[in-house]
Peer 1: 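So that we are looking at the same thing, I have put the structure below in structure tokens.
We count ligands from 1, going down the list as the structure has it; atoms in each ligand are counted the same way.
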Amino acid sequence: MVLYPVMRKLLDKRVVLASASPRRQEILSHAGLRFTVVPSKFKENLSKASFPTPYAYAMETAKQKALEVARRMHQKDLRAPDIVIGADTIVALEGLILEKPVDKTDAYSMLSRLSGKEHSVFTGVAIVQCSSQGGGLDLDVSEFYEETRVRFSQLSEELLWEYIHSGEPLDKAGGYGIQALGGMLVEAIHGDFHNVVGFPLNRFCKKLAELYHPPRPEDRPREKQDSIPAVDTFDRLGDSKGAGPGQGGARGDRRRPQAPGREHAKDADSKPSVESVPPTAVLELIDGYKVSKALFTACKMKLFDLLRDEGPLSTADVARKIGASEGGTGQLLDVCAGLGLLDKTEGGYSNTPLATLYLLSDGEYSLHSLIMIHEEFSWPFFSYLDFAVREGTVQTQRALGTAGEDHYQECFYKNREKKLQFMRAMHGHTKVAARHVATAFDLSGFTSACDLGGSTGALAYELARQYPGLKVTIFDLPEVIEDAVFFKPHGPEAGQVSFVPGDFFRDTLPEADLYILSKILHNWPDDKVHQLLSRISRSCKPGGGLLLVEMLLDEDKCRPLPALLKSLTMMVLFQARERSLSEYHILLQAHGFTDVRAVRTGSIADAVLATRA
Ligand SMILES: Cc1cn([C@H]2C[C@H](O)[C@@H](COP(=O)(O)OP(=O)(O)OP(=O)(O)O)O2)c(=O)[nH]c1=O
């Protein structure tokens, strides 16, 4: 769907694939991309230990591969290509990164490790846009990664050696090729097959669509030629001269995103015109609320559940089953198809993987309850955004028709059904990013953790899975704890997690080496935030840790857009907000925490770790 417009945009560009991998060449040429192959000479020898996650390593290697080619071509030709694409595929198992085996013995050691277990295949991709002006080279890097989970069956020694002797493992990450003989070793795969073979085509197309069709105001950050340390520390952020922390520091030259029209406005000679600054971006902004409302409505009508259970279904069937008009249902279904949530074929409508993963009401990573909270609570509060901005107060009276003091209670704990909906919403939202957060830092030095406001335990159970030596206590309101049992997993990690009822503003906090505040600080106004941090600071022993899980704003507070919108939501609902790393640093320092580090996980929540001085 996005392919054609994107590929058309690339037709007049010099595209280079910085990879010797025949698989990548094949995947991209089958997708209709025209490109030249220039294998990268970058030595894949970055220190793995310096990356907090395997995918951070893969993304950085991909970026360095692409940058090496862009610079080399620029030096040689004095004209770099328009776009250089780099990729790096790795296999990750139990914290270990496996690349291509060096010999048969190495292949044996890799494959026997993978036998009978599930592992992740990560491909990091870098898209480097080059422009050479006045002899200089300006590079603009966009990166992403994709993860596919692969489960191997139990491999006998005989099969293992026969496979190794076939010669297939040697030029492949993890020592196998799923696309050929190695496919016989694989019991199950969850995610994009092409990603395992070396290139996540689907994500790549979406990324291109984001970059080229149409240009969006919240364009990705621009990078100069320096590399990105995966962990931001405040000290590093503060290095840059004349810029706020974060600009020109750890994340390179992150210039302001250029909204269409901004660059024209700067140029006094060229007056913006409808031709040079088309209105597409504004029209898209106008339509934003329609997109949200279409999603809310489809979820409210449980269309995705219906199509999972009985699909593919025609418009008439769907309309009949949900008791709605055929005309309206057809339009809603088509919009969902246009949004990439449904596939429409001659056989009828069915869910796309995106809908299957996130929009079913009972999926493991379901965001259905979260969507319903937005429909029922955020939507009415946002209707009074102008009042909230003007008056600087929460618009409970206008939005809910009540003047309740504690509208958090009002919204989410009104009755058991609402409370469970809220808990399910938080559960799905936390679960999506839980693994990214749990592995953002090496927390193996901690033996006890206390997740304050940890609700259903979505993060606690993931921490327990990642750190078998860690005991996690969830400290939350009694009414939350009494229903947390519904979310308990069946695995051994359940035994590492316990629940203590209490109010973190009033009751004594349980003892722990590591305190966790996951999406808590953004719920409260500043005075409450200080009150809570001061209580944690008093309970935390010197050397203990505090892990914050929030969406980090960039230092200029103009990016990333999801964090900005989240912040606006927190303002409208609670007169609260999201913060930048330097703001957290100041807060944490004021309460006796030092060594503040952050990892932007690339998922829907980032992680900040600090140590009690
Ligand atoms: C897991 C797996 C990997 N692979 C391949 C994809 C990649 O080519 C390779 C991982 O090595 P990479 O270092 O990512 O790529 P490469 O060395 O082949 O090419 P270049 O560095 O020039 O870009 O493993 C498969 O073909 N099938 C598989 O199932």
Peer 1: Tell me if the NE2 atom of H190 is crowded by more than 12 foreign heavy atoms within 6.0 Å.
Peer 2: no

Peer 1: Answer yes or no for E99: is there a heavy-atom contact with ligand 1 below 4.0 Å?
Peer 2: no

Peer 1: Before signing off on this row, confirm whether I178 and ligand 1 have an N or O atom pair separated by under 3.5 Å.
Peer 2: yes

Peer 1: Just which atoms of ligand 1 are under 4.0 Å from any heavy atom in V197?
Peer 2: 6 (C), 25 (C), 26 (O), 27 (N)

Peer 1: For atom 5 (C) of ligand 1, grab the closest protein heavy atom and report residue, atom and distance to one decimal in Å.
Peer 2: R23 NH2, 3.8 Å

Peer 1: Provide, to 0.1 Å, the distance between atom 21 (O) of ligand 1 and the closest protein heavy atom, together with that atom's residue and name.
Peer 2: K65 NZ, 2.6 Å

Peer 1: In ligand 1, which numbered atoms sit nearer than 4.0 Å to a non-hydrogen atom of D88?
Peer 2: 12 (P), 13 (O), 14 (O)

Peer 1: Taking side chain as C-beta onward, heavy atoms only, is L547 less than 4.5 Å from F441?
Peer 2: yes

Peer 1: Just checking, is any N or O donor in the side chain of E44 or T61 under 3.5 Å from an acceptor N or O on the other one?
Peer 2: no

Peer 1: For atom 2 (C) of ligand 1, what's the nearest protein heavy-atom neighbour? Residue, atom name and distance, please.
Peer 2: V196 O, 3.1 Å

Peer 1: For atom 18 (O) of ligand 1, what's the nearest protein heavy atom and its distance?
Peer 2: S21 CB, 3.5 Å

Peer 1: May I ask you to check if ligand 1 and T89 share an N or O to N or O distance below 3.5 Å?
Peer 2: yes

Peer 1: Specify side chain, backbone, both or neither for D171, according to which of its non-hydrogen atoms lie closer than 4.0 Å to ligand 1.
Peer 2: backbone

Peer 1: Would you confirm whether the ring centroid of Y176 sits within less than 6.0 angstrom of the ring centroid of H119?
Peer 2: yes

Peer 1: Classify the ring geometry of Y145 against H436: parallel below 30°, tilted from 30° to 60°, perpendicular beyond 60°.
Peer 2: tilted

Peer 1: Quick one: does A20 get an N or O within less than 3.5 Å of an N or O on ligand 1?
Peer 2: yes

Peer 1: Check this for me, if you would: do R149 and E118 make a salt bridge, where the nitrogen-to-carboxylate-oxygen distance has to be below 4.0 angstrom?
Peer 2: yes

Peer 1: Got the closest protein heavy atom to atom 24 (O) of ligand 1, with its distance?
Peer 2: A173 N, 3.0 Å

Peer 1: Inspect the contact between E168 and K172 and indicate whether a charged nitrogen and a carboxylate oxygen are less than 4.0 angstrom apart.
Peer 2: no

Peer 1: For atom 26 (O) of ligand 1, what is the nearest protein heavy atom, given as residue, atom name and distance?
Peer 2: Q179 NE2, 2.8 Å

Peer 1: Are L552 and Y584 packed together at the side-chain level, in the sense that at least one heavy-atom pair is separated by less than 4.5 angstrom?
Peer 2: yes

Peer 1: Between E146 and K206, is the closest basic N to carboxylate O distance under 4.0 Å?
Peer 2: no

Peer 1: Nearest protein heavy-atom contact for atom 15 (O) of ligand 1: which residue, which atom, what distance?
Peer 2: R24 NH1, 3.0 Å

Peer 1: Flag the pair R23 and E26 as a salt bridge only when some basic side-chain nitrogen lies within less than 4.0 angstrom of an acidic carboxylate oxygen.
Peer 2: no

Peer 1: Considering only non-hydrogen protein atoms, determine which one is nearest to atom 17 (O) of ligand 1 and report residue, atom name and distance to 0.1 Å.
Peer 2: K100 NZ, 2.2 Å

Peer 1: Give the atom numbers and elements of ligand 1 that come within less than 4.0 Å of a heavy atom of E44.
Peer 2: 13 (O), 21 (O)

Peer 1: May I ask you to say whether K65 pairs ionically with D88, meaning some side-chain N is under 4.0 Å from a carboxylate O?
Peer 2: yes

Peer 1: Quick check on contacts: which atoms of ligand 1 are under 4.0 angstrom from a heavy atom of G177?
Peer 2: 27 (N), 28 (C), 29 (O)

